[in-house]
Amino acid sequence: GSFSYVEGYFTADKICGKVRVQFQDGKWIVGYAKDNVLHGFCTYYDADKKLEKIGITRNGRLFGTCWQLLPGGGLIVGKVDAEGEFTGSSVAHIFTDHK
């Protein structure tokens, strides 16, 4: 999506360190960037300011073990693939009753 707002620290015209990015659709990300790319721990929010995802971002894509909160309750936790998508046998759905 297209950015509507970017807040952070710039070094040599590149955003580095803690960053907040808001998109035109109202979604936003708080996390860390390196050389203009998300790189580090990030939290993803929807347009209603509800937490959607938590995870490590490497070179702009989710990496490793991540958490995705689901509408109506529950969450998905597991490793993501090279595209940042939950796949494989290392993914679990946790219901709101935590079972």
Side-chain angles (χ1 to χ4, degrees):
S2 298
F3 300 134
S4 65
Y5 177 83
V6 176
E7 176 183 328
Y9 299 99
F10 288 82
T11 303
D13 293 329
K14 293 184 178 181
I15 197 160
C16 296
K18 192 163 185 176
V19 63
R20 180 177 183 264
V21 178
Q22 186 163 344
F23 299 92
Q24 289 182 347
D25 65 1
K27 292 184 177 191
W28 47 288
I29 301 170
V30 175
Y32 291 87
K34 178 180 175 185
D35 296 330
N36 285 341
V37 178
L38 290 173
H39 196 85
F41 181 79
C42 293
T43 52
Y44 296 73
Y45 298 87
D46 67 15
D48 295 323
K49 300 182 180 177
K50 293 181 183 171
L51 183 62
E52 286 187 321
K53 292 181 190 174
I54 302 168
I56 301 296
T57 306
R58 182 188 279 178
N59 297 319
R61 296 194 186 268
L62 285 170
F63 172 81
T65 301
C66 299
W67 299 74
Q68 179 176 349
L69 285 76
L70 301 172
L75 55 96
I76 296 172
V77 62
K79 293 194 181 216
V80 295
D81 63 14
E83 299 300 316
E85 300 294 327
F86 291 99
T87 61
S89 60
S90 297
V91 177
H93 182 269
I94 301 174
F95 294 91
T96 53
D97 62 2
H98 306 289
K99 294 183 180 179

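The basis for the numbers below is simple: all heavy atoms, side chains too, and nothing from hydrogens, waters or symmetry mates.
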If you round to the nearest 0.5 Å, how far is [atom2] of [Y] from [atom1] of [X]?
X: T65; Y: K79; atom1: OG1; atom2: NZ; answer: 5.0 Å
X: F3; Y: W28; atom1: CZ; atom2: CH2; answer: 15.5 Å
X: T96; Y: L69; atom1: OG1; atom2: CG; answer: 11.5 Å
X: S4; Y: D25; atom1: OG; atom2: CG; answer: 8.5 Å

Listed pairs under 3.5 Å, donor-acceptor, residues 13-23 side chains, sequence neighbours left out:
residue : atom : partner : partner atom : Å
R20     : NH2  : Q22     : OE1          : 3.4

Considering only distance and modelled atom types, tabulate donor-acceptor pairs under 3.5 Å from the side chains of residues 38-64, sequence neighbours left out.
residue : atom : partner : partner atom : Å
H39     : ND1  : N59     : N            : 3.0
T43     : OG1  : V30     : O            : 3.3
T43     : OG1  : Y45     : OH           : 3.4
Y44     : OH   : T57     : OG1          : 3.2
D46     : OD1  : D48     : N            : 2.8
D46     : OD1  : K49     : N            : 3.1
D46     : OD1  : K50     : N            : 2.9
R61     : NH1  : E83     : OE1          : 3.3

Could you pull out all residues at least two apart from E85 that satisfy side-chain hydrogen bond (donor to acceptor under 3.5 Å, both in side chains)? none
Please say yes or no: joined through hydrophobic side-chain contacts below 4.5 Å, possibly via intermediate residues, are V37 and I29 part of one cluster?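 V37 does not cluster with I29.
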Honestly curious: do Y9 and V6 fall in one hydrophobic cluster under the side-chain, below-4.5 Å linking rule?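 Shared cluster, no.
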